[in-house]
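Below is one structure, written out as structure tokens; the observations come after it.
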Amino acid sequence: MSTPPPPWPGHPYAGGSPFVPQRRGLPVWAWVIGGVVALLVLLCCVGTAVAGVVLYADQESSSSPTTHGGSEPPPDAPPNTDASVLLPAQRVEQHVASGLDGAAAEEISCPEDLVLVEDSSTTCTRSTPGGTDLEVDVEVDWAVVTGPENVEFYLSFTQAAV
């Protein structure tokens, strides 16, 4: 038996097997575009979630005690006399750190929450990098009710060596 002659150029089987597998699925460009679209959708979802958290945090902080821009209370605001309105010790530490030049919140330690009623006070400790501890007296100069669940206040600080 003789072997058939090789196919001529342009013959359907000239490149090899008569069973040329068909490509299936999407072309590469379609996968690339689909990946880019999926990435954009994911970024939009993450961005929306982050924006929701930030907006929610802003809403919560507006109903908690806040400082007022000046050393005088807002006009026509009644003083706060409710001793159950407290500024948590961690926020007191943050206010002390921002009120004292060169202080970091990590250097300040306040033992208790601060009652936001005029003339109430607490004593915090500031640890300096040199190892010296300073006492920081924190006093509420004024606290006023500015909304159903909002109290604005102004704090003053005095520090002295222990």
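Taking 4.5 Å as the limit, some side-chain heavy atom of Leu100 sits within range of a side-chain heavy atom of Val136.
Applying the disulfide (SG to SG under 2.5 Å) test to every pair with at least one member in residues 133-162, sequence neighbours left out, gives no pairs at all. For the disulfide (SG to SG under 2.5 Å) condition, no pair includes a residue of residues 127-162, sequence neighbours left out. Contacts classified as disulfide (SG to SG under 2.5 Å) and involving residues 76-110 (residues at least two apart or in different chains) are given here: Cys110-Cys124. Within the structure, side chain to side chain donor-acceptor pair (under 3.5 Å) contacts touching residues 109-118 (residues at least two apart or in different chains) are Glu112-Thr122.
Smallest separation of non-hydrogen atoms from Pro79 and Val145: O-CG2, 4.3 Å. In plain terms, the two heavy atoms of Leu87 and Leu155 that are nearest each other are CD2-CD1, 4.2 Å.
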task = Would you sort out whether Val144 and Val151 count as a side-chain contact (heavy atoms from CB on, under 4.5 Å), showing the intermediate values?
result = CA-CA 5 Å; Val144 294; Val151 173; over 6 Å; no
query = Are Val138 and Val96 close enough, and set up right, to give a side-chain contact (heavy atoms from CB on, under 4.5 Å), and what steps lead you there?
reply = CA-CA 8 Å; Val138 181; Val96 170; 3.5 Å; yes
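By the side chain to side chain donor-acceptor pair (under 3.5 Å) test, Thr158 is found to be paired with no residue, residues two or more places apart in sequence or in another chain being considered. Scored by the side chain to side chain donor-acceptor pair (under 3.5 Å) test, Thr125 finds no partners at all (sequence neighbours excluded). The side chain to side chain donor-acceptor pair (under 3.5 Å) search around Ser84 returns Asp82, not counting sequence neighbours. With sequence neighbours excluded, the residues that form a side-chain contact (heavy atoms from CB on, under 4.5 Å) with Thr123 are Glu135, Asp137. Ala83 is linked by a side-chain contact (heavy atoms from CB on, under 4.5 Å) to Val115, counting only residues two or more places apart in sequence or in another chain. The salt bridge (charged side-chain N to carboxylate O under 4.0 Å, His left out) check on Glu107 picks up Arg126, with sequence neighbours excluded.
Here the CD atom belonging to Glu139 is positioned 9.5 Å from the CG atom belonging to Leu114, to the nearest 0.5 angstrom. With values rounded to the nearest 0.5 angstrom, Phe153 atom CZ is found 10.5 Å from Ser120 atom OG. Taken to the nearest 0.5 Å, the CG atom of Leu134 stands 8.5 Å off from the CD1 atom of Ile108. Of the inter-residue distances, the one linking Asn80 atom CG with Thr146 atom OG1 reads 10.0 Å to the nearest 0.5 angstrom.
Relative orientation of the Tyr154 and Trp142 rings is parallel, given thresholds of 30° and 60° on the angle between their planes.
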